[in-house]
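Okay, so here's the structure we're looking at.
Model, not experiment: these values are computed from the prediction. Letters go in sequence order (proteins before strands), and every chain restarts at 1. Heavy-atom basis, side chains included; hydrogens, waters and symmetry copies ignored.
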Amino acid sequence: MAFYRTLHSWDVSPDEAIKIQNQLRNLVKVEKLVGEIRYIAGADVSFDKGSNVVYAGVLVLKFPELEEVDRSLVVTEVNFPYIPGLLSFRESPALIKAWEKIKIAPDVVMIDGQGIAHPRRFGIASHFGVLVDKPTIGCAKSLLVGVYEEPKGEAGNFSYLYDSGEIIGVALRTRDNVQPVFVSIGHKITLDESIQIVMKTVRGYRIPEPTRQAHLIVNALRRGEIKPGTRTNPEQGSLF
DNA sequence: GCGACAG
DNA sequence: ATCTTGTCGC
């Protein structure tokens with residue numbers, strides 16, 4: 001039963017959603033991580049074609065081993081459409097439902113989407129971070145806003161992402177000569193730490209393990225290959 | 001008005 | 001996001 005706070009309704013119009021973002025953006029904190037990282041979580045959602053059924057999941061991995069220690073998978077419905085800049089209002093409700101069932105609260109959460117690399121500096125990673133009051137990192141596969149120079153070809157190189165003259169994130173090469181990912185601060189973390197953590201959780205694929213594993217698991221859930229629930233669910237047997 | 005636009 | 005086989009390159 002991980003903690004989270006309700007700061008607003010999800011049953012809002014796009015215009016109201018924008019107002020909420022402009023209000024909550026002031027709650028985002030940029031600060032160094034406190035203490036060592038013991039657990040890192042990955043969160044993602046999956047959909048069927050033109051369906052409003054959402055399959056959401058939060059996976060908790062031990063750091064730096066990246067072995068799964070907890071998971072929460074839920075199936076719900078959504079009606080808010082996908083609108084660039086308002087992704088959080090479509091995916092966060094389901095992610096929060098999965099989050100509240102987690103037993104092991106992670107020290108940092110990696111989310112498939114932008115953090116402050118957003119028009120109003122309040123992408124889904126920042127929004128989710130503020131709601132669960134945990135450090136979060138935004139790791140997106142494509143660009144939403146900003147300009148950047150192509151980073152050098154080898155893994156580990158990055159170039160800053162700028163928007164309106166300010167640095168909002170980086171284009172980070174996680175694999176040699178492979179399309180970079182876009183990393184930005186979500187909440188309660190620094191950009192440097194975010195970059196380091198992403199690189200430390202990359203295991204041979206472009207996408208770092210937390211979000212990659214979360215993506216694989218919610219897709220398996222959508223295809224009916226696995227059932228919703230928690231790692232500590234009686235129906236699923238014991239932990240180890 | 002035109003083009004861009006996380007998942 | 002999702003629909004999908006083969007194909008090019010390290």
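There is no path of hydrophobic side-chain contacts, each under 4.5 Å, that joins A:V130 to A:I168.
You'll find the side chain of A:V170 stays beyond 4.5 Å of the side chain of A:S159, heavy atoms only.
Look at CG on A:L144: it is 5 Å from C1' on B:dA6, rounded to the nearest Å. Look at CZ on A:F47: it is 13 Å from P on C:dC3, rounded to the nearest Å. Per the geometry, CZ belonging to A:F182 stands 14 Å off C1' belonging to B:dG7, to the nearest Å. Between the CG atom of A:L161 and the P atom of B:dC5 there is a distance of 12 Å, rounded to whole Å. For A:I168 and B:dA6, the CD1 to C1' distance is 12 Å, given to the nearest whole Å. Taking atom CZ on A:F89 and atom C1' on C:dA1, their separation rounds to 19 Å, with Å as the unit. Taking atom CZ on A:R120 and atom P on B:dC5, their separation rounds to 16 Å, with Å as the unit. In this structure, CD of A:Q114 is placed 13 Å from P of C:dA1, rounded to the nearest angstrom.
Within 4.0 Å (heavy atoms only), A:R223 reaches no atom of the nucleic acid at all. Contact annotation for A:G85: base contact, defined as any heavy-atom pair under 4.0 Å involving a base atom. Using a 4.0 Å heavy-atom criterion, one finds that A:Y82 contacts the bases of the nucleic acid, with or without backbone contacts as well. Within the 4.0 angstrom heavy-atom criterion, only backbone atoms of the sugar-phosphate kind lie near A:H215; the bases stay farther away. Using a 4.0 Å heavy-atom cutoff across all strands shown, A:L86 reaches at least one base atom of the nucleic acid. Counting any heavy atom pair closer than 4.0 Å across all strands shown, A:L143 reaches sugar-phosphate atoms only and no base atom.
In this structure, the ring of A:W10 has its center less than 6.0 angstrom from the ring center of A:F89. Aromatic ring centres of A:Y4 and A:F128 lie farther apart than the 6.0 Å criterion allows. When ring centroids are compared, A:F158 and A:Y160 come within the 6.0 Å threshold.
Evaluated for a side chain to side chain donor-acceptor pair (under 3.5 Å) with A:Q21, the options A:R121, A:H8, A:R120, A:H127 yield exactly one hit, A:R120.
For the residue pair A:D44 and A:T211, no side-chain donor N or O sits within less than 3.5 Å of a side-chain acceptor on the partner. In summary, the side chains of A:T174 and A:R206 do not present any donor paired with an acceptor at a separation below 3.5 Å, with no hydrogens or angles considered.
The side chain of A:D44 has B:dG7 as its nearest neighbour among B:dC5, B:dG7, C:dT2. Checking C:dA1, B:dA6, C:dT2 against the side-chain heavy atoms of A:H118 singles out B:dA6 as nearest. The side chain of A:K49 approaches C:dC3 more closely than any other nucleotide in the set B:dA6, C:dC3, C:dT2.
Of the side-chain N and O atoms in A:N219, none sit less than 4.0 angstrom from OP1 or OP2 of C:dA1. Contact annotation: A:S142 side-chain N/O to B:dC5 OP1/OP2 distance is not under 4.0 Å. Applying the 4.0 Å criterion to OP1 and OP2 of C:dC10, one finds that A:R175 has every side-chain N and O outside that range. Between A:K141 and the phosphate of B:dG7, there is a side-chain N or O to OP1/OP2 separation shorter than 4.0 Å.
Helical stems involving DNA chain B, defined as 3 or more consecutive Watson-Crick or G-U pairs under 3.5 Å, do not occur.
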